[in-house]
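Read the structure below first, then the notes.
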2 protein chains.
Amino acid sequence: MEKEYKRPSVTVDVTLFTYAQDCLQVLLIRRGNEPFAGTWALPGGFVDAGEPLDKAAARELSEETGMEDVYLEQLATFGDPGRDPRGWVISVAYIALTGADAIAATRAGDDASDALWFDVNDLPPLAFDHDLILGAALRRLRQQLQYTALGFHLLPKVFTLTDLQNVYEIVLQTELDKRNFRRKIQSLGILEDTGDLQYGDHRPAKLYRATATGADHEITRSPLP
Amino acid sequence: MEKEYKRPSVTVDVTLFTYAQDCLQVLLIRRGNEPFAGTWALPGGFVDAGEPLDKAAARELSEETGMEDVYLEQLATFGDPGRDPRGWVISVAYIALTGADAIAATRAGDDASDALWFDVNDLPPLAFDHDLILGAALRRLRQQLQYTALGFHLLPKVFTLTDLQNVYEIVLQTELDKRNFRRKIQSLGILEDTGDLQYGDHRPAKLYRATATGADHEITRSPLP
DNA sequence: ACAAAAGTGTTGCCCTTACACCCATGC
DNA sequence: GCATGGGTGTAAGGGCAACACTTTTGT
C-alpha cells in the first residue's frame, strides 16, 4: 500500500500548576491570534517536525511563559473532531508542576499577549477544549497526590512541612491531621532536613528539600495520609 | 501568524491483552508491508482524518483482528524521532483487554498477513518501538490490577472466582490467599452470581459476571489483596 | 472410596486515625 | 508576657494477612 494519508496538525498543551496564596493555580495565556484571540488558553503550540513531544512541551512552556525546569508529565492526547476550528488538530496534553518561587519569571512570550495565574476554582472561559483538558489535568493531579509524594513539586525547592500539608489539603480538598501527615511523609524518607530555618512571625519552621533519590514517582501504598 | 507547520502522520497502536492457557497473552500482527515486513507488531494503523482517536483504535483492532467490543483505554503517546523509518510518525497507544472466549474470532485482516497470541514472557522481536509501547502497557496493566478490579476484562463474560484469582496472580506475579482474595473482591460489590455452575473434573464452581454498574474504573483504596 | 478443586471463619498484628499539650520566636 | 504557628506521642479501632478444614463432584 503506502497510500497517502491525510495528516493532522499536532500541538502540545501544558497545564502548569502551582501553589500560591493558599490556592492551587493554573497558568493561562491570553491568545493573541485567531482563533479565540483574546480568550484564555493553556500554554502550548505546534510541535516541530521530528521534535520529541516532551521537548516540545518544555519548549512551548519556556517560549510562552519563561518557565524552565518544571516537573513535566504526559497526561493524555485529545483528538476529537471539532476541538479546533482550524481543522484537524490533535493535542498531546501535559501536566506540569512548579514552585511559586519560579513564577516571578512568568512573562508573556512572543506569540501570546499575556500570561496570568488563575485560581482553579475561579477560571475564565477557555479556548478550544481546554476546559476539558484542564479538568483531566486536575483529576490526574488529585489522584497523583492521593497516592504519591509528588506534592512538593508545587513548592519551592525548600519548604516547610506546614507548606507541604497545605498543598495536600488544598489540592485534595480535605483537612489533614498535622501529626499523622508529618509521620507519614517523613516515613517515606524522601525529605531531607536542610538544617535551615524559616523565620517568620512566630516560631521558626524547619526547612526541607526533596531528596534527589527517586523522589519522582515514589508511591505510597495507601492514600496519604 | 498562521504560518504553515509541518504535520506528522498519526497512528494508533493497540496492546490487546487476554488471559489464556495460564498466561497473559498479547495479540501481535505479522506485518505484510514495509517497513518491517514479516516482523511482528502491535495491531494499529493510521488515524482517518477527523476520526476520534478512540474510534480509530477500535476500528484498527476490528479491521486487523476481527475483535469487537473490547475494553479500551488510552495509554500514552509516543513521538520520538526515529521511531518510524518512514519519517515523522506519532503513535497514540491504547491498552485493550478481552476475554479468551473472544479470541476464536481472531483472524488476520486485510493489510496484515497473520495475527497470533503471544505469551508476554516469550515475545518475538517487534517492529518500530513497539517493545517500548508494550512494556509501558504491561506496566500500566499491572498498576491497574493492583488498585482496581478491572481484571475481569481479561476473562469471558462469565467466570469463576478461581479464574479471576489466577488472572491477578499471573499478571501481578504474586501468589494470593484464596480466602482473602474472595473476601476482597466480593466486598467491592461488582460481581454478580449468575446462578449457573461450571462443571469440570471436580466440584463445580459458581459462575459470576461483572455487574454493569460502574464496573469500569472502580477503585480499591488499598492494593488487592 | 478417593482424588482434586471449591468453598468457608477466626485471630493477631500493623497501620490508620483521633486527640492535646509544650515550644520557640516576634512583638 | 502573650499571641501565634511549630513541633511532638499515645491509645483505640479497623483492615490486612496468615492459617486448615469441610464440601462437592468425577472417576
Side-chain angles (χ1 to χ4, degrees), chain A residues 19 21-22 145-149 152 155-156 158-170 172-209 218-225, chain B residues 19 21-22 145-149 152 155-156 158-170 172-209 218-225:
Chain A
Y19 173 78
Q21 293 138 234
D22 300 317
L145 288 219
Q146 202 155 113
Y147 292 103
T148 73
F152 63 84
L155 292 172
V158 155
F159 50 86
T160 69
L161 290 180
T162 303
D163 291 338
L164 190 57
Q165 181 172 349
N166 285 337
V167 166
Y168 277 86
E169 290 187 336
I170 296 288
L172 300 179
Q173 302 174 117
T174 44
E175 300 220 328
L176 301 175
D177 181 88
K178 191 171 23 164
R179 282 167 288 191
N180 294 340
F181 179 81
R182 287 164 183 245
R183 205 192 345 268
K184 181 86 175 200
I185 291 289
Q186 290 180 321
S187 77
L188 298 178
I190 61 161
L191 293 192
E192 190 177 48
D193 190 336
T194 61
D196 295 331
L197 296 177
Q198 181 180 78
Y199 291 84
D201 284 345
H202 303 291
R203 173 174 176 179
K206 287 188 185 173
L207 286 165
Y208 292 84
R209 87 170 61 87
E218 271 325 296
I219 269 211
T220 347
R221 258 60 214 273
S222 54
L224 339 208
Chain B
Y19 172 78
Q21 292 138 236
D22 300 316
L145 288 220
Q146 202 154 117
Y147 291 102
T148 74
F152 63 84
L155 291 172
V158 155
F159 50 86
T160 68
L161 290 180
T162 303
D163 291 338
L164 190 58
Q165 181 172 348
N166 285 337
V167 166
Y168 277 86
E169 291 187 337
I170 295 289
L172 299 179
Q173 304 175 116
T174 45
E175 300 220 330
L176 301 174
D177 180 88
K178 189 166 31 160
R179 281 166 291 191
N180 293 339
F181 180 80
R182 286 164 183 244
R183 203 191 349 269
K184 182 85 175 200
I185 291 289
Q186 290 179 321
S187 77
L188 299 177
I190 61 160
L191 293 191
E192 189 177 50
D193 190 335
T194 61
D196 295 331
L197 295 177
Q198 180 181 80
Y199 291 85
D201 284 346
H202 303 291
R203 174 173 176 177
K206 287 189 184 174
L207 285 165
Y208 293 82
R209 87 170 62 86
E218 270 326 297
I219 268 208
T220 346
R221 258 62 214 272
S222 53
L224 344 205

| field | Helix axis bend for the helix from C:dA1-D:dT27 to C:dC27-D:dG1 - C1'-based end axes, five pairs, 10° rounding | value | 0°

| Do you know the tightest heavy-atom contact between B:Tyr208 and B:Gln186? | OH-NE2, 3.3 Å

| task | Could you tell me which non-hydrogen atom of B:Tyr168 sits nearest to which non-hydrogen atom of B:Leu145, and how far apart they are? | result | CE2-O, 3.2 Å

| message | So A:Thr162 and A:Arg182, do their side chains get closer than 4.5 Å, heavy atoms only? | response | yes

| said: With heavy-atom distances below 4.5 Å as the criterion, would you say the side chains of B:Lys206 and B:Leu161 are in contact? | reply: no

| task | Could you identify which residues of residues 158-166 of chain B place a heavy atom less than 4.0 Å from some atom of DNA chain C, listed by residue number, or say none? | result | B:Thr162

Looking at [atom1] of [X] and [atom2] of [Y], how far apart are the two atoms once the value is rounded to the nearest 0.5 Å?
X        : Y        : atom1 : atom2 : answer
B:Asp177 : B:Glu175 : CG    : CD    : 10.5 Å
A:Ile190 : A:Phe152 : CD1   : CZ    : 5.0 Å
B:Lys184 : B:Gln165 : NZ    : CD    : 14.0 Å
A:Leu176 : A:Asn180 : CG    : CG    : 9.0 Å

Could you tell me how far apart [X] ([atom1]) and [N] ([atom2]) are, to the nearest whole angstrom?
X        : N      : atom1 : atom2 : result
B:Glu169 : C:dA5  : CD    : C1'   : 14 Å
B:Leu176 : C:dG7  : CG    : P     : 17 Å
A:Ile185 : D:dG7  : CD1   : C1'   : 16 Å
A:Phe181 : D:dG9  : CZ    : P     : 18 Å
B:Leu188 : D:dG15 : CG    : P     : 13 Å
B:Arg182 : D:dA20 : CZ    : C1'   : 15 Å
B:Lys184 : C:dG9  : NZ    : C1'   : 18 Å

| request: Please name all residues satisfying side chain to side chain donor-acceptor pair (under 3.5 Å) with A:Arg179, sequence neighbours left out, ordered by chain then number. | output: none

| request: Please name all residues satisfying side chain to side chain donor-acceptor pair (under 3.5 Å) with A:Asp163, sequence neighbours left out, ordered by chain then number. | output: A:Thr160

Expected list for residues 191-205 of chain B: side-chain donor-acceptor pairs under 3.5 angstrom, two or more places apart:
from: B:Glu192; atom 1: OE1; to: B:Arg209; atom 2: NH1; distance (Å): 2.9
from: B:Asp193; atom 1: OD1; to: B:Gly195; atom 2: N; distance (Å): 2.7
from: B:Thr194; atom 1: OG1; to: B:Asp196; atom 2: N; distance (Å): 3.1
from: B:Thr194; atom 1: OG1; to: B:Leu207; atom 2: O; distance (Å): 2.7

| request: Between protein and nucleotides 19-27 of chain C, map the contacts as a letter string: B base, S sugar-phosphate only, - none, heavy atoms under 4.0 Å, written 5' to 3'. | output: BB--BBBS-

